[in-house]
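Values reported hereafter were calculated over all heavy atoms of this structure, with side chains retained and with hydrogens, waters and symmetry mates removed. This is a predicted model, so every value here is computed, not measured.
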Amino acid sequence: MTQHGSDDDEDDFPEWEDRIKANVAGEVRRRRKEMGWSAQDLADQCERLGHPIPRNVIANMESGRRASLPLVDVMALAAALETYPVYLIFPVGYVDQTQELPFQDLVPTWDALRRFTGEQEVPGYGAGLVPDFEAHASLVRTALAALDEEEQARFAVKTATSRAQQEEAERKRTTYADQAISAKYNLRHLRRDLRDDGATPPDLPPALNDVDPPEADANANATPEESL
């Protein structure tokens with residue numbers, strides 16, 4: 001159903017915009033009723049969140065009479081309805097197909113959502129620093145898990161009732177300690193690369209406060225054991 005031709009241009013853009021607004025309006029109405037709220041209840045909750053949206057504006061949006069739908073309203077409505085903005089735009093399971101851009105065919109709403117969030121890659125599209133932040137989160141999880149396992153193994157070493165148990169516990173403690181050091185070493189370099197790109201790395205949990213030393217470059221060429 002790809003639409004072409006200059007005679008249809010004026011109608012294509014409003015059709016796409018109206019479709020997206022209808023997606024949001026329908027899901028806001030469905031979610032609101034699911035929660036047992038009136039339009040006034042939703043308006044009150046938006047006001048409590050710091051972004052007032054009057055009851056009549058919500059009513060006009062749900063009935064399709066509202067001319068525009070600012071992104072900030074979508075964000076506030078999603079928070080008020082305890083859901084995510086993308087789920088209002090692409091209501092998976094409630095709208096079978098939607099249009100991602102003007103002049104494009106209808107596609108399954110599920111596919112549109114996955115492309116919108118970047119879960120489904122689009123050739124040629126840039127992901128920015130998202131992969132780096134995902135790698136950062138993975139390294140943090142690995143480091144924290146290794147530190148926790150190391151602590152448990154350390155306790156097992158102290159409470160072992162035989163030499164064999166003590167040696168096995170010590171072997172595990174060393175393994176987990178090495179895993180923690182490796183993850184923190186990789187974290188340090190990833191965070192340095194992010195800063196070199198002009199980005200601000202995510203905050204670290206207190207257990208990993210040694211990843212960013214006071215003099216970040218002092219041990220740039222040190223081994224993991226020497227620098228952590």
Side-chain angles (χ1 to χ4, degrees), residues 10-104 106-122 125-137 140-141 191 194-195 197-206:
E10 292 183 359
D11 293 331
D12 286 332
F13 282 92
E15 179 185 343
W16 169 63
E17 294 173 5
D18 289 345
R19 190 184 297 277
I20 298 301
K21 287 189 291 184
N23 286 354
V24 175
E27 185 60 9
V28 166
R29 181 171 57 252
R30 187 199 67 79
R31 180 71 174 160
R32 173 177 65 76
K33 291 183 176 180
E34 182 179 71
M35 298 177 74
W37 284 4
S38 67
Q40 185 60 56
D41 292 330
L42 179 53
D44 292 342
Q45 181 63 11
C46 288
E47 185 171 7
R48 281 192 288 270
L49 291 172
H51 184 73
I53 303 178
R55 184 206 63 79
N56 67 304
V57 172
I58 293 174
N60 287 337
M61 177 196 67
E62 290 187 2
S63 64
R65 296 191 302 270
R66 189 178 183 189
S68 62
L69 183 58
L71 176 61
V72 289
D73 284 9
V74 175
M75 295 171 67
L77 287 166
L81 293 167
E82 298 178 358
T83 188
Y84 299 96
V86 68
Y87 296 160
L88 298 183
I89 299 170
F90 299 113
V92 172
Y94 299 101
V95 174
D96 292 337
Q97 293 184 312
T98 192
Q99 195 177 13
E100 296 177 90
L101 288 172
F103 312 120
Q104 292 187 354
L106 290 174
V107 296
T109 304
W110 170 241
D111 291 343
L113 182 145
R114 293 179 68 237
R115 281 189 286 270
F116 189 89
T117 60
E119 183 181 354
Q120 179 178 317
E121 293 185 8
V122 178
Y125 278 32
L129 292 176
V130 170
D132 297 288
F133 272 59
E134 290 176 341
H136 188 282
V140 167
R141 289 193 298 269
R191 293 172 67 81
L194 286 170
R195 291 191 182 94
D197 286 339
T200 301
D203 292 336
L204 288 169

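No side-chain donor from either of D41 and Q45 sits under 3.5 Å from a side-chain acceptor of the other. Looking at N60 and R65, their side chains do bring a donor and an acceptor atom within 3.5 Å of each other.
Residue R55 qualifies as open at atom CZ: its count of foreign heavy atoms under 6.0 Å is 12 or below. Other residues, nucleotides and ligands place no more than 12 heavy atoms under 6.0 Å from the CG atom of D203. Under a cut-off of 6.0 angstrom, the local environment of CD in E121 is sparse, with at most 12 non-hydrogen atoms contributed by other residues, nucleotides or ligands.
Here CG of L77 is found 7.5 Å from CG of L69. Values are rounded to the nearest 0.5 Å. In this structure, CD on E17 lies 10.5 Å from CD on Q99, to the nearest 0.5 angstrom. Note that the CZ atom of R29 and the CD atom of E27 stand 10.0 Å from one another [nearest 0.5 Å]. Distance CE/M35 to CG/L42: 8.5 Å, rounded to 0.5 Å. Here the CG atom belonging to L101 is positioned 8.5 Å from the CD1 atom belonging to I20, to the nearest 0.5 angstrom. Between the CD1 atom in I58 and the OG atom in S38 there is a gap of 9.0 Å [rounded to 0.5 Å].
Between A76 and I53 the shortest heavy-atom distance is CB-CD1, 4.4 Å. Taking all atoms of both residues into account, the shortest heavy-atom contact from T98 to A112 is CG2-CB, 3.8 Å. Across all non-hydrogen atoms, the minimal contact from T109 to P91 is CG2-N, 3.9 Å. Closest non-hydrogen pair, P202 versus R191, comes out as O-NH1, 2.6 Å. Heavy-atom minimum distance, P70 versus R66: CD-NH2, 3.4 Å. Closest heavy-atom contact between I89 and F116: CD1-CZ, 4.3 Å.
Using a 4.5 Å heavy-atom cutoff, the side chains of L194 and F133 are in contact. Two residues are said to be in side-chain contact when any heavy atoms from C-beta on lie closer than 4.5 Å; Q40 and D44 meet this criterion.
Among residues two or more places apart in sequence or in another chain, the side chain to side chain contact (heavy atoms under 4.5 Å, CB included) test is passed with D96 by none.
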Yes or no on side-chain contact (heavy atoms from CB on, under 4.5 Å) for R32 and E62, after CA distance, side-chain angles and deciding distance? CA-CA 11 Å; R32 173 177 65 76; E62 290 187 2; 2.8 Å; yes
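Looking at V24, V74, D73 one by one, the single match for side chain to side chain contact (heavy atoms under 4.5 Å, CB included) with P85 turns out to be V74.
The closest donor-acceptor contact from the side chain of R114 to the backbone of Q120 lies at 3.5 Å or more, if one exists at all.
Each side-chain hydrogen bond (donor to acceptor under 3.5 Å, both in side chains) pair with one or both residues in residues 80-91, not counting sequence neighbours, would appear here, but there are none.
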